[in-house]
There are 2 protein chains.
Amino acid sequence: MARAPTTYDPFNAIAEPKRRQLLEALGTQELSVNELVALLGWTQPMVSKHLGVLKQVGLVSERRVGRQRLYRVNAAQLKPIHDWVTPFEQYWSESFERLNQLLGQIHKGERKNARKK
Amino acid sequence: MARAPTTYDPFNAIAEPKRRQLLEALGTQELSVNELVALLGWTQPMVSKHLGVLKQVGLVSERRVGRQRLYRVNAAQLKPIHDWVTPFEQYWSESFERLNQLLGQIHKGERKNARKK
DNA sequence: TTGACATATTCCCATATAGGAATATAATAT
DNA sequence: ATATTATATTCCTATATGGGAATATGTCAA
């Protein structure tokens, strides 16, 4: 069944490296499609398509000015991702890593003993 | 060309909701495949397959004990995701939202004026 | 209206999976 | 050795895209 239609999940939108690049390029500034094309060196349809996905998910918003469309990041939509990953943060801290390695050592010892039985 | 082979990118591994569930279920505890099957109510091959992907990306590690395989989260691999999303954090804070809305109002005014010209 | 510019959309193809079913592999107990 | 338990793997199919090329849409200027 392939991956579920992802275009409505920020996690999935972000899974595509190009879309992450796009968000990085936009950063806090508003840019037109052509500016993004120039900046990234992709084809125009490619930029438009990825922007389309990001827009559907709500990760960018669009503002029309003349024939241009100015895009900007809608950072609030990234909050769910931040919120999801943050609880794991404590487990990659340096102190945790040390503790973890220590426990790993102890554990190996236990396994050896168990085998020798 | 479809999405680039994602099995080596944590962002992509995490894009699948089931794999996020799996990581949540594991949390900080070590669980066997069957325990996860019982906990999540999925089929055993399904659990094994998703664990396989997570393992390839390094998001979980495996420890063999008898016929069981105990899996646990390798949180450090989530750091890149945290690091990527964090810089955007400031833009969804409450105070930023207020400022942003205010600027939005001003902007609308400008557009109207520009049009009337 | 006509032409130039900015952007979006459509068509087509190749490929990466997710899920289900069946089966293989590994380890333990009898 | 054999049965049983725990887990992984393979085969198959349906489907979701990503990218390229061509084209449509929309907007402004002359």
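Below, read A as the first sequence line, B as the second, and so on, with proteins coming before strands; counting in each chain starts at 1.
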* Roughly, in whole Å, what's the span from CE in B:M46 to P in D:dT7? -> 17 Å
* To do: To the nearest Å, give me how far apart CD (A:Q21) and P (D:dG18) are.
  => 14 Å
* Asked: Can you check the B:Y71 OH to D:dT7 P distance for me, whole Å?
  -> 9 Å
* Asked: Can you find an N or O donor on one side and an acceptor on the other, under 3.5 Å apart, linking the side chain of B:R67 with the base of D:dT5?
  -> yes
* Quick one: does A:H82's side chain get under 4.5 Å of A:T86's, heavy atoms only? -> yes
* Want to settle it: does A:L70 or A:K49 sit nearer the 5' end of DNA chain C, counting the closest nucleotide to each? -> A:L70
* Which nucleotide in the set D:dA8, D:dA22, C:dT7 lies at the smallest distance from any side-chain heavy atom of A:P45? -> D:dA22
* Structure fact -> Quick note, B:Q68 side chain, CB onward, closest among C:dA21, D:dT7, D:dA8 is D:dT7
* Between B:K18 and C:dG19, is there a side-chain N or O to OP1/OP2 distance below 4.0 Å? -> yes
* Asked: Between atom CD of B:E16 and atom CD of B:Q21, what is the distance when rounded to the nearest 0.5 Å?
  -> 9.0 Å
* Asked: Is the base of C:dA8 touched by the side chain of A:Q44 through a donor-acceptor pair closer than 3.5 angstrom?
  -> yes
* To do: Considering just the side-chain nitrogens and oxygens of B:Y8, establish if one lies under 4.0 Å of OP1 or OP2 belonging to C:dA16.
  => no
* Please state whether the phosphate of D:dT7, meaning OP1 or OP2, lies under 4.0 angstrom from any side-chain nitrogen or oxygen of B:R64. => no
* B:Y71 and B:L31, any side-chain heavy atoms less than 4.5 Å apart -> no
* For the side chain of B:H50, counting heavy atoms from C-beta on, which of C:dA6, D:dA8, C:dA18 is nearest? -> C:dA18
* Per B:R69 side chain, nearest of listed nucleotides C:dT9, C:dT7, D:dT7 -> D:dT7
* Rounded to the nearest Å, what distance is computed from the CZ atom of residue A:R63 to the C1' atom of nucleotide C:dA6? -> 16 Å
* For the residue pair A:L23 and B:W84, establish whether any side-chain heavy-atom pair is separated by less than 4.5 Å. => yes
* Under 4.0 Å between a side-chain N/O of A:N34 and OP1 or OP2 of C:dT7, yes or no? -> yes
* Asked: Atom CD1 of B:I14 and atom P of C:dA18: how far apart are they, to the nearest Å?
  -> 12 Å
* So which of A:I14, A:V73, A:N74 actually passes side chain to side chain contact (heavy atoms under 4.5 Å, CB included) with A:L59? -> A:I14
* Send over the distance from A:L54 CG to C:dT7 C1', rounded to a whole Å. => 16 Å
* Structure fact -> note: A:E35, atom CD; C:dC5, atom C1'; distance rounded to Å ~ 14 Å
* Asked: Roughly, in whole Å, what's the span from NZ in B:K55 to C1' in D:dA8?
  -> 10 Å
